[in-house]
K.L.:
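This is the structure I have questions about; it appears just below.
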Amino acid sequence: MTDTIRYALVRPLPKSFADALQQHAPLEPIVVEKAHAQHERYTELLKKLVGKVIVVAVDEQYPDCCFIEDTAIVVGHDVIISRIGAMSRRNESVAVLRAFQELQKLEPKLKIHRLLAPATLDGGDVLQMNGKVFVGLSQRTNQAAVDQLQDILPGVVVSIPVVAGLHLKSVLSALDAHTLLAAEHPAAKQMAEQILAALPPSLQNRCLEVPDAAASNVVRVGSTLLIQAGFPNSEAILAKAASLRGWQIETLDMSELIKADGALSCCSILI
Ligand code: CIR
């Protein structure tokens, strides 16, 4: 997460969203209209907070295409188009590559790279914090992707085995350069310790825990912190952390996207 975000890429939620991949069937089925409204509110909020929101056209063949975070990562001026781990999602990145090629006309410093087979990587496994790029080795992201990223971004990539959740950021995110936010869960704690140990040393480095896994993934745009609605105990902790830093909180109800394992960060790429 950076402090000055100039662009956000989003992709609308398709009508086929009920067929999105799910690790476990939810108790209640996805209500697509509600999911659509939740995603719209997320997009409208980004439009208020970010200079320019680029909307990549929806593609009904890809029920998961609204989870655009998985298709690319941006580190400084380097854009890395990923090769998504799930076969049914792999070609979602084609339209995102085109959007970045268009953006490159406005921002010629952007350099576009592509991960190549056998690498697979989902952007949800990539956590950027204080100059480091942590890459979760998960069911979706493999060592070949880490190796290719190390060549593209020398000296900053650190791999972390994902021991819980779909992605590294299913149970973790960066609140600020020194504060990692993690779910109160032994596996999240284990991954958080490895991340803290690899950060540039500082007495300020710490981990803030929240009781709900869904609330551990937040998005910060400048001084606004986007958090999940519906988790009051976690919200109280996040509200205090935000107020200490002089930030405002915006709560977003993403209940229907959570049913398809979507976290808050997964619905945008912030540049
Ligand atoms: C999937 O299984 O790929 C989607 N249903 C969820 C992807 C969520 N992505 C993310 O949090 N970055």
Side-chain angles (χ1 to χ4, degrees), residues 1 8-26 28-32 35-36 38-39 42-43 46 56 58-75 80-96 115 120-129 133-142 145 149 160 162 164-174 181-183 188 191 212-220 226-228 252 254-271:
M1 270 185 266
L9 272 79
V10 296
R11 197 165 192 184
L13 188 132
K15 294 188 187 78
S16 55
F17 186 65
D19 297 325
L21 297 177
Q22 296 172 334
Q23 280 199 301
H24 310 285
E28 302 285 333
I30 292 172
V31 182
V32 177
H36 194 264
Q38 292 176 340
H39 187 272
Y42 178 99
T43 304
L46 283 185
V56 177
V58 68
D59 190 334
E60 290 297 333
Q61 334 169 43
Y62 301 118
D64 285 289
C65 69
C66 52
F67 299 130
I68 191 169
E69 173 182 53
D70 293 321
T71 62
I73 61 169
V74 182
V75 182
I80 299 113
I81 304 294
S82 66
R83 198 168 166 270
I84 298 189
M87 265 314 288
S88 65
R89 301 194 55 196
R90 185 140 308 153
N91 289 334
E92 286 177 24
S93 55
V94 174
V96 176
L115 294 185
T120 62
L121 175 132
D122 285 8
D125 277 319
V126 180
L127 170 90
Q128 296 189 49
M129 186 169 174
V133 178
F134 296 96
V135 182
L137 286 170
S138 69
Q139 43 187 297
R140 300 285 178 84
T141 298
N142 64 16
L149 279 179
I160 305 281
V162 172
L166 176 65
H167 291 131
L168 180 66
K169 286 189 297 191
S170 303
V171 290
L172 293 166
S173 58
L181 183 65
M191 296 190 284
D212 307 288
S216 68
N217 179 289
V218 295
V219 171
R220 182 161 66 87
L226 277 54
I227 69 169
Q228 291 271 7
L252 286 161
M254 302 294 266
S255 61
E256 301 312 295
L257 287 87
I258 290 174
K259 290 178 184 172
D261 306 315
L264 268 188
S265 65
C266 67
C267 296
S268 55
I269 299 173
L270 303 178
I271 305 169

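Order of listing sets the numbers, starting from 1, for every ligand and every atom in it. Quick caveat: nothing in here was measured; it's all calculated off a predicted structure.
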K.L.:
Hey, which atoms in ligand 1 end up nearer than 4.0 Å to a heavy atom of Phe67?
P.N.:
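It comes down to these atoms of ligand 1: 4 (C), 5 (N), 6 (C), 7 (C).
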K.L.:
Considering only protein heavy atoms, which is closest to atom 4 (C) of ligand 1, and at what distance to one decimal place?
P.N.:
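The closest heavy atom on the protein side is Asp64 OD1, 3.1 Å.
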K.L.:
What part of Leu21 sits under 4.0 Å from ligand 1 if we count only heavy atoms: the side chain, the backbone, both or neither?
P.N.:
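Both backbone and side chain.
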K.L.:
Students should be able to answer this: which protein heavy-atom is nearest to atom 9 (N) of ligand 1, and at what distance?
P.N.:
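Minimum-distance protein heavy atom for atom 9 (N) of ligand 1 reads Asp70 OD2, 2.8 Å.
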K.L.:
Is there a donor in the side chain of Tyr62 and an acceptor in the side chain of Ser16, or the other way round, less than 3.5 Å apart?
P.N.:
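Side chains of Tyr62 and Ser16: no pair found under 3.5 Å.
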K.L.:
Heavy-atom contact under 4.0 Å between Gly123 and ligand 1?
P.N.:
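No.
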K.L.:
Side chain, backbone, both or neither: which applies to Gln22 and ligand 1 if a contact is any heavy-atom pair less than 4.0 Å apart?
P.N.:
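Gln22 to ligand 1: no contact under 4.0 Å from either part.
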K.L.:
Test of understanding: with salt bridge (Lys or Arg N to Asp or Glu O under 4.0 Å), list the residues that count as partners of Asp122, not counting sequence neighbours.
P.N.:
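Asp122 satisfies salt bridge (Lys or Arg N to Asp or Glu O under 4.0 Å) with Arg140 only.
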K.L.:
Could you find the nearest protein heavy atom to atom 12 (N) of ligand 1 and give me its residue, atom name and distance?
P.N.:
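Nearest protein contact, heavy atoms only, for atom 12 (N) of ligand 1 is Glu69 OE1, 2.7 Å.
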K.L.:
Taking all non-hydrogen atoms of both residues, which atom of Pro63 and which atom of Phe17 are closest, and how far apart?
P.N.:
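For Pro63 versus Phe17, the nearest heavy atoms are O-CD1, 3.3 Å.
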K.L.:
Identify the residue among Thr141, Ile81, Ile80 that makes a side-chain contact (heavy atoms from CB on, under 4.5 Å) with Leu115.
P.N.:
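Only match with Leu115 under side-chain contact (heavy atoms from CB on, under 4.5 Å): Ile80.
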K.L.:
Among all protein heavy atoms, pick out the one at the shortest distance from atom 10 (C) of ligand 1; state its residue, atom name and that distance to 0.1 Å.
P.N.:
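Checking every protein heavy atom, the shortest distance to atom 10 (C) of ligand 1 gives Cys266 CB, 2.9 Å.
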K.L.:
Can you list the atoms of ligand 1 that are under 4.0 Å from a heavy atom of Gly124?
P.N.:
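This gives 12 (N) as the contact atoms.
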K.L.:
What part of Arg140 sits under 4.0 Å from ligand 1 if we count only heavy atoms: the side chain, the backbone, both or neither?
P.N.:
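For Arg140, the contact with ligand 1 is made by the side chain alone.
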K.L.:
Does only the side chain of His167 get under 4.0 Å from ligand 1, or the backbone, or both, or neither? Count heavy atoms.
P.N.:
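Looking at His167 and ligand 1, just side chain atoms fall under 4.0 Å.
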K.L.:
Which heavy atom of Val10 sits nearest to which heavy atom of Ser268, and what is that distance?
P.N.:
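Closest pair (atom of Val10, atom of Ser268, distance): CG1-CB, 4.2 Å.
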K.L.:
Please find the pair of heavy atoms, one from Ala86 and one from Leu21, that lie closest to each other, and give the distance.
P.N.:
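Looks like CB-CD1, 3.6 Å.
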K.L.:
Counting non-hydrogen protein atoms only, what is the nearest one to atom 8 (C) of ligand 1? Give residue, atom name and distance.
P.N.:
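Among all protein heavy atoms, the one nearest atom 8 (C) of ligand 1 is Asp261 O, 3.5 Å.
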K.L.:
Pick one of side chain, backbone, both or neither for how Leu166 approaches ligand 1, counting any non-hydrogen atom pair under 4.0 Å.
P.N.:
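The side chain, only.
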K.L.:
Please determine whether a side-chain nitrogen of the Lys or Arg among Glu92 and Arg11 lies less than 4.0 Å from a carboxylate oxygen of the Asp or Glu.
P.N.:
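No.
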K.L.:
Per the side-chain contact (heavy atoms from CB on, under 4.5 Å) rule, which among Leu149, Leu137, Ile84 passes with Leu121?
P.N.:
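When Leu149, Leu137, Ile84 are each tested with Leu121, the side-chain contact (heavy atoms from CB on, under 4.5 Å) holds only for Leu149.
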K.L.:
Please identify which of these residues, Lys169, Glu69, Met254, meets the side-chain contact (heavy atoms from CB on, under 4.5 Å) condition with Cys266.
P.N.:
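Exactly one option meets the side-chain contact (heavy atoms from CB on, under 4.5 Å) with Cys266, and it is Glu69.
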K.L.:
Does Ala260 reach ligand 1, in the sense of a heavy atom lying below 4.0 Å from it?
P.N.:
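Under 4.0 Å: yes for Ala260.
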